[in-house]
Amino acid sequence: MSDKVAVLVAGSWGTALASVLAANHPEIYLWTRNQAQADEINTAHTNEHYLPGVVLPKGIIATTNMEEAVRDAKAVVIVAPSSAMRQVTRSLKAYWKEDMLCVHATKGFETETMKRMSTVIAEELGCEEGRIVVLSGPSHAEEVVRHCPTTVVVASLDENAAKQAQDLFMNNDFRVYTNRDMVGVELAGALKNIIALGAGMSDGIGYGDNAKAALITRGIAEISRVGVELGANPLTFAGLAGIGDLVVTATSKHSRNWRAGSMLGQGKPLDEVLESMGMVVEGIRTTQAAYAISAKLGVQMPITDQIYHVLFLGRSPREAVEALMGRDPKAELESISQETWEQWHT
């Protein structure tokens, strides 16, 4: 088998992962729909729109031809926005082979169906969901592409596939752990974007560190609560995909979700925020999906509920905070039932 790896698509995270892979493998193909972007990557070795000021490894070959990108590849890494995942995977199907390793690094849900990305990929490729590997964790593209030390997790029900993904990515700058809790890793990576929006709103209002720390802490409790209900291991949310990714996304200037939330907290309307961002803010679509999931399961997600009202129902961020602070008194550790917790310890 060749040492070729294909990455779909050439956004900031896809480009950063292609850069990681280029340090390990001689032949990295990066697929994009945009011919001008492909030409820029191939000639100038830059992707200025997504990663300004970064020089990319010359081993990355950009192409708009899906067949050229995927043909004879030993692995395909899908980093499409959640809204485009089904379409991109459907295009991949014609060139997909059963022996290819499939990794995805997209943090979100398909809003219309509330499905996780691995489910969408499996449906379109016609393979078992357990064969797919999820890559997640605290990993801003802007830092990864500059070789800042980064640690992530890859999860799959297929331990051999997870180990292959670990070997595919791991190097001196990019440390990779494995995890069998694919559902938990995927849910944590998606749901933390909602809490990051809330943290940004809090900062935009000017509420300070106390409020943000509370949002992060109660946010991980909220994520764990719905995650366990959907079959995740609660310990996953204390790891890289959970609290690790939540902290970095809720506190960093690199976080699109934090930046979008900060602008909303300053009183800017959602349409203006999205126009100024110029890139996908996954937390907005994820809020829609999580709001529907919590209603369907009957699981309380108060932070998600308030952020949904801010994004889609006209509530101001200050009113949302007042609603959260005015909730009935609760016990801190009531989030996960003893019965659910014990199933992981028997």
Would you mind listing every ring-ring contact (aromatic ring centres under 6.0 Å, His included) that reaches into residues 279-305, with sequence neighbours excluded?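 Counting only pairs at least two positions apart or across chains, the ring-ring contact (aromatic ring centres under 6.0 Å, His included) contacts touching residues 279-305 are Tyr291-Tyr308.
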Please determine which of Thr249, Asn193, Asp245, Thr286 meets the side-chain hydrogen bond (donor to acceptor under 3.5 Å, both in side chains) test together with Lys107.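 The passing option is Asp245.
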Of all pairs that satisfy salt bridge (charged side-chain N to carboxylate O under 4.0 Å, His left out), the ones with a partner from residues 295-306, not counting sequence neighbours: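 Residue pairs with at least one partner in residues 295-306: there are none.
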Could you tell me whether Arg131 and Glu98 have a side-chain N and a carboxylate O separated by less than 4.0 Å?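 A salt bridge links Arg131 with Glu98.
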Main-chain N/O of [Y] paired to [X] side chain as donor or acceptor, under 3.5 Å:
| X | Y | value |
| --- | --- | --- |
| Gln37 | Ala10 | yes |
| His254 | Val248 | no |
| His25 | Leu168 | yes |

What's the shortest heavy-atom distance between Met100 and Val76, and which atoms?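 Closest pair (atom of Met100, atom of Val76, distance): SD-CG2, 4.0 Å.
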Restricting to non-hydrogen atoms, name the atom on Gln166 and the atom on Val176 that form the minimum distance, rounded to 0.1 Å.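 Distance-wise, the nearest heavy atoms are NE2-O, 2.8 Å.
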Glu186 and Ser136 side chains, donor-acceptor separation under 3.5 Å: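 No, no side-chain donor-acceptor pair sits under 3.5 Å.
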Return yes if a side-chain donor-acceptor contact under 3.5 Å exists between Thr236 and Asp181, otherwise no.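 Yes, Asp181 and Thr236 have a side-chain donor paired with an acceptor closer than 3.5 Å.
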Residue pairs involving residues 266-278 (criterion side chain to side chain donor-acceptor pair (under 3.5 Å); sequence neighbours excluded):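 Those involving residues 266-278 are Ser262-Gln266.
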With rounding to the nearest 0.5 Å, note down the distance linking CE in Met170 to NZ in Lys163.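 Output value for this atom pair is 9.0 Å.
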